[in-house]
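Here's the structure we're looking at; comments come further down.
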2 protein chains.
Amino acid sequence: MLFAPHALSRVGESSAVTSDMIWAPLFQRLKTTTGADDRDLQALAALPFTLRNFRENQTVLRDGEQPSECCLIADGFCVRSKTIADGRRQILSIHIPGDLPSLQNLHFATVDHDLIALSDCTLAFIAHKALNELIRQRPGVGDMFWRDTLVDAAVSREWIVNVGQRSTYNRLAHLIVELRERLRLIGRVIDNTFEIPLTQEQFGEAMGVTSVHTNRILRELRIDGVLELQRGTVRILNEHKLQELAQFDGRYLHLSPSS
Amino acid sequence: MLFAPHALSRVGESSAVTSDMIWAPLFQRLKTTTGADDRDLQALAALPFTLRNFRENQTVLRDGEQPSECCLIADGFCVRSKTIADGRRQILSIHIPGDLPSLQNLHFATVDHDLIALSDCTLAFIAHKALNELIRQRPGVGDMFWRDTLVDAAVSREWIVNVGQRSTYNRLAHLIVELRERLRLIGRVIDNTFEIPLTQEQFGEAMGVTSVHTNRILRELRIDGVLELQRGTVRILNEHKLQELAQFDGRYLHLSPSS
DNA sequence: GCCCCCACTTAACATTTGTTGGATTTGCCC
DNA sequence: GGGCAAATCCAACAAATGTTAAGTGGGGGC
């Protein structure tokens, strides 16, 4: 069976997975960020894809692989990461439903990092060949995707700033706010509460610090009444303080077509 | 006068700046990395451009600006950087002749970081409009440029790993090796010696550490006989040790068309 | 319901990195 | 050649972060 029950129930409540459910978060994002042309989206939605489910911690793409398809996260969370010689691991980006985390392999033969499922995930795989043909037919689709990879790059640059210059305390605040803004775009934020299914160790790997230190900083944020994190669920306690710490300027997300 | 003498002498020894000299480093890079089509390059070289010179430390593009042209570094070095609220600055990438550091603004209206000349620089500015028209006529040009922005993104991801996980000692070694590989591509490495005109403070801003600490690490590298850095000139003293420290895996530079 | 594994939590101590302040060197202008 | 400004260099001390080693707690499998 293609769909394991656990994944099905996360994509939607019914047992039938429609094409709509697969594309919805991507389209929702593209419409607000790029003012996407409806015919381009319809053409996209007509592309053939294969659904595959991944379990928590399962590797989706391994460093060095040469994929012939690119993947769309229909449901669940993934991270890009790199592991260096001494075994230390850095998380490079966190991906949410609607993301296309391997779009760069339309142009690169080889994957230069790992892509790992953080939670149980449903991914739609679309052949590079089909995508390239569509892009040739409809340059607007290519523009949308090129832009999408550029936003991805802009997020990476801000990630460098975060790791390089902000105190761990502020760094975590910034990371949380960025993820909240991206989750809000796809309707995953309710009442200052949202899910980011990372363990403390993984938050540490995203910030370039150890799990012990991550725990210290989380305790401080909790004691200071800024936010709480429990088993992957974030609850904002003091929005004002959070903003002050994060100093978040969302322009780098390029959320509007005219930015 | 468009050309200040100092800049002219850096582009070439003669006093006439030909279109060839402007495009040479970019074409040299594109030929080895993307196996570029000669007709695409010819079409590119036929585009109108404006040359502008910048002095050391002069801002080329400021965070928030809305440029109508993108720039090609014909000669000199630039950096992308972001400054956060408390004044700390992070260098995001280092750009060398042949780089197109603002290509992302073909798709973004607004620049989301600063672009600053490290040394006296000669930049060629090409109108977005002309470039977009060429890309519509010759999709191969668009593919080349899309790929170029993807390599840029891959470099940013490795930069995150560098800042997040490597010790400052290894981090500096990695940074040096990456720059050497990129400079080699455009023929700027001679006898284990090459120029990277950053001050120690700027190396610090690239690595996310202070200038004092950068100085400590440079002294260690010098004492350990790994490399020397004097006024922007790097000399490798022990290639083997350097490799061991940097643990450099250049796949992320995607230097071959089939990678 | 029990057990086991894994995430979380904490403390003590070691190491790295930042801060401050000052001395020295270098490049450049006059 | 003198003098200024910037870059480099360095040491002493402070703060942030890593390491190690233990507990604690909760959820899933049996």
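Keep in mind that what you see is a predicted model, and the values were worked out from it rather than measured. In what follows, chains are A, B, ... by sequence order, proteins preceding strands, each numbered from 1. Hydrogens, waters and symmetry mates are skipped; everything else that's a heavy atom, side chains included, is used.
Atom CZ of A:Phe203 and atom C1' of C:dA7 are 14 Å apart (whole Å).
Every side chain to side chain contact (heavy atoms under 4.5 Å, CB included) that B:Asp99 has, sequence neighbours left out, goes to B:Arg29, B:Ile73, B:His95, B:Ile96, B:Pro101, B:Arg182. With sequence neighbours left out, A:Glu65 forms a side-chain hydrogen bond (donor to acceptor under 3.5 Å, both in side chains) with no residue at all.
The end-to-end axis angle of the helix from C:dG1-D:dC30 to C:dC30-D:dG1, rounded to 10 degrees and based on five pairs per end, is 50°.
With B:Gln243 as reference, B:Glu239 is the one residue of B:Lys241, B:Gln247, B:Glu239 to meet the side chain to side chain donor-acceptor pair (under 3.5 Å) rule.
Protein chain A touches strand DNA chain D; the 5'-most and 3'-most nucleotides with an atom under 4.0 angstrom of its non-hydrogen atoms are D:dT17 to D:dG27.
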field: Nucleic acid footprint by protein, nucleotides 16-30 of chain C - heavy-atom cut-off 4.0 Å, B for base, S for sugar-phosphate alone
entry: -BBBB-----SS---
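Taking both residues in full, the closest heavy atoms of A:Leu118 and A:Leu198 are given as CD1-CD2, 2.7 Å, listed atom of the first, atom of the second, then distance. The heavy-atom pair separating A:Glu195 from A:Phe77 by the smallest distance is O-CZ, 3.3 Å. Considering all non-hydrogen atoms of both residues, A:Ile22 and A:Leu72 come closest at O-CD2, 3.6 Å.
A donor and an acceptor atom, one from each side chain of B:Ser93 and B:Arg80, are located under 3.5 Å apart.
A:Ile176 has its side chain within reach of A:Phe194: a pair of non-hydrogen atoms, C-beta onward, lies under 4.5 Å apart. Contact check for B:Asp75 versus B:Cys121: no side-chain heavy atoms found under the 4.5 Å cut-off.
Each salt bridge (charged side-chain N to carboxylate O under 4.0 Å, His left out) pair with one or both residues in residues 200-227 of chain A, not counting sequence neighbours, appears once here: A:Arg89-A:Glu205.
Each of C:dT9, C:dA11, C:dA7 was ranked by its minimum atom distance to the side chain of A:Arg219; first place goes to C:dA11.
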